[in-house]
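For this chain, numbers begin at 1 and follow the sequence in order.
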Amino acid sequence: MASYFEILCAAVVLFLVFYYYCVSTYDFWKKRGVSGPKPLPFFGNAKDLVFERISLAKFVQSTYETYKHLPMIGIYMCREPLLFLNDPDLIKDVLIRDFNKFADRGLNVHERTEPLSPNLFFLESERWRPLRKQFSPMFSSKKLKDMFPIMLRCSVHLEKYLDKLSKKVPVDIRDVAAKYTTNVIGNCAFGIDMNAMEEQESEFYRIAKQFIAPSRENSLRLIVRRFSPKLYDLLGYIVPDRIFAPFFTKLVMDTIQYRKEHDFFRPDFINTLIELRKHPEQLENIELTDTFLTAQLFIFFVAGFHTSATTMSNALYELALHHDLQNKLRAEITEYYDKSDGELQYETINEMKYLDKVIKETLRMYPAGPDIRRKATSSYTFDSMKVTIPKSMSVIIPLFAIHRDANMYPNPDQFDPERFSEEAIAARHPMSYLAFGEGPRNCIALRFGYLLTKLGLIKVLRNHKVDVCEKTMIPYEFEPKSFTLTPKGEIYLMISKI
């Protein structure tokens, strides 16, 4: 029988082996002459993220501000070394000039744990390229113009819904915006009226909210996915997705089957999936399973519904704080309504210059995500720095921090749409604004998102005024448990009829 001393020795050896394992990668950046914050055993530079003490946005901003004098810095997410780029020219190299060597986002696909994760946003470059080619025509100007009447009908429901809410009581404007975007995307993508603005909440809207809502389960999944992807894959055998994949796959497949049986055509995303099924040769070496097809529609819905709703509510939050800007935007909306005899046209919305500035400034202050990630598909040398990184190295571009950099945007926490005048844009480096990414792998649906958000703001502000109230979150805080940049809690505003 082992003595206590032998047990103690074994425990010490195991501890030392574990300690060495935790710190064995921490000389990676030192060997390459790249500076950065000192890592802690096991946690690297991510301790506050692991324990959810700060949001990813605050982590990115703090790291950037501390080391912004350096063009690049080396950090560690637990044991994993990552390259953090500050210099806009280096960022341009990664996103545009040498895109082919950074075509992957570096986001893991977990097909067992999350069956809907192999989608256009997450996919590696081999499957992403042919899919992007097939889906890009869905977001052309012609397609958007064809979808505009559907979007316009949904926006009329938003106006009527606002009239019901205009009763001098605080309203969660995020919820209002999310119901509107759910209706629009449900109609344009699925060809289904989601009835999200009815008194009895639709199942579709409930499921969608559940996916993006901060919760203990979502938080734990995010932590494990981010810091231990191999363990997360194994969780698929224990706690697979029993809610989202089954629900959305059934919805999509039932819709496809209905259209086949009734010979029904509609120029929307579902039709694109039907055509892919008819011509699988267009996507060589990609198995078009029901779940894989659903995953493409799912990411379009989630990204559009969530991002556009958050942008709308953030814009209204800032306009409620700045009545002069709100009145200026309302005056432009009225002017263009008068020009078009009270009938909004697709072209009319694209002519509203101040509305465009308001949305761009909103996305500067509140982008959809805190950073942009790319993964090297081969060994790569940054010639100007004489630094070489190996294949599969992840690169972080601090989107949120760049948007809040006082050197690029003086008084960055002040909401000022005039930052996006033609003269101001021309004076800045093109990599100083990255709300939708840049280069070939930018957001495929950015024009759809812009149109959806613009139409929503027009309908809210044309006949209604928004104000802050006692329940309004001041100052604005980000939710540390969310994988996107979302506010911590509701955004309550007063809505009154003009």
Please report the C-alpha distance between D98 and Y380 in whole Å, then the side-chain angles of each, then the deciding distance to 0.1 Å, and finally whether the side-chain hydrogen bond (donor to acceptor under 3.5 Å, both in side chains) criterion is met. CA-CA 10 Å; D98 293 320; Y380 180 82; 2.5 Å; yes

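- Remark: the backbone N or O of A309 is not paired with any side-chain donor or acceptor of T453 at under 3.5 angstrom.
- Figure legend: cation-pi geometry between R32 and F28, with NZ or CZ positioned under 6.0 Å from the six-membered ring centre and within 45° of its axis.
- For the ring pair (Phe, Tyr, Trp, His ring centres under 6.0 Å) with F269, the lone residue among F300, F301, F448 that qualifies is F300.
- L434 places a side-chain heavy atom less than 4.5 Å from the side chain of M431.
- Y317 and Y366 have perpendicular rings, their planes meeting at more than 60° on a 0 to 90° scale where under 30° would count as parallel.
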Applying salt bridge (charged side-chain N to carboxylate O under 4.0 Å, His left out), run through D48 and K58 and close with a yes or a no. CA-CA 10 Å; D48 289 338; K58 290 298 181 184; over 6 Å; no

Report the C-alpha separation of E423 and R428 in whole Å, then their side-chain angles, then the decisive distance to 0.1 Å, and conclude whether the salt bridge (charged side-chain N to carboxylate O under 4.0 Å, His left out) test is met. CA-CA 9 Å; E423 297 78 15; R428 290 192 296 267; over 6 Å; no

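- Relative to the six-membered ring of F99, R441 misses at least one condition, a distance below 6.0 Å or an angle of at most 45° to the axis.
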For salt bridge (charged side-chain N to carboxylate O under 4.0 Å, His left out), just list the numbers for R127 and E111, CA-CA rounded to whole Å, side-chain angles, deciding distance to a tenth of an Å, and then say yes or no. CA-CA 14 Å; R127 287 188 286 179; E111 298 196 35; 3.4 Å; yes

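- Between D324 and K328 there is no salt bridge, since no side-chain N of the basic residue sits under 4.0 Å from a carboxylate O of the acidic one.
- A perpendicular orientation is assigned to the rings of Y476 and F478, their planes being inclined by more than 60° (bins at 30° and 60°).
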Taking it one step at a time, do R374 and D104 satisfy salt bridge (charged side-chain N to carboxylate O under 4.0 Å, His left out)? CA-CA 6 Å; R374 293 291 186 266; D104 286 353; over 6 Å; no

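- Ring planes of Y450 and F436: tilted class, angle from 30 to 60°.
- Stacking of R174 on the aromatic ring of Y492 is not recorded, the 6.0 Å distance cut-off and the 45° axial limit not both being met.
- In this structure, R364 is not positioned above the aromatic face of F420 in the sense of NZ or CZ being under 6.0 Å from the six-membered ring centre and within 45° of the axis.
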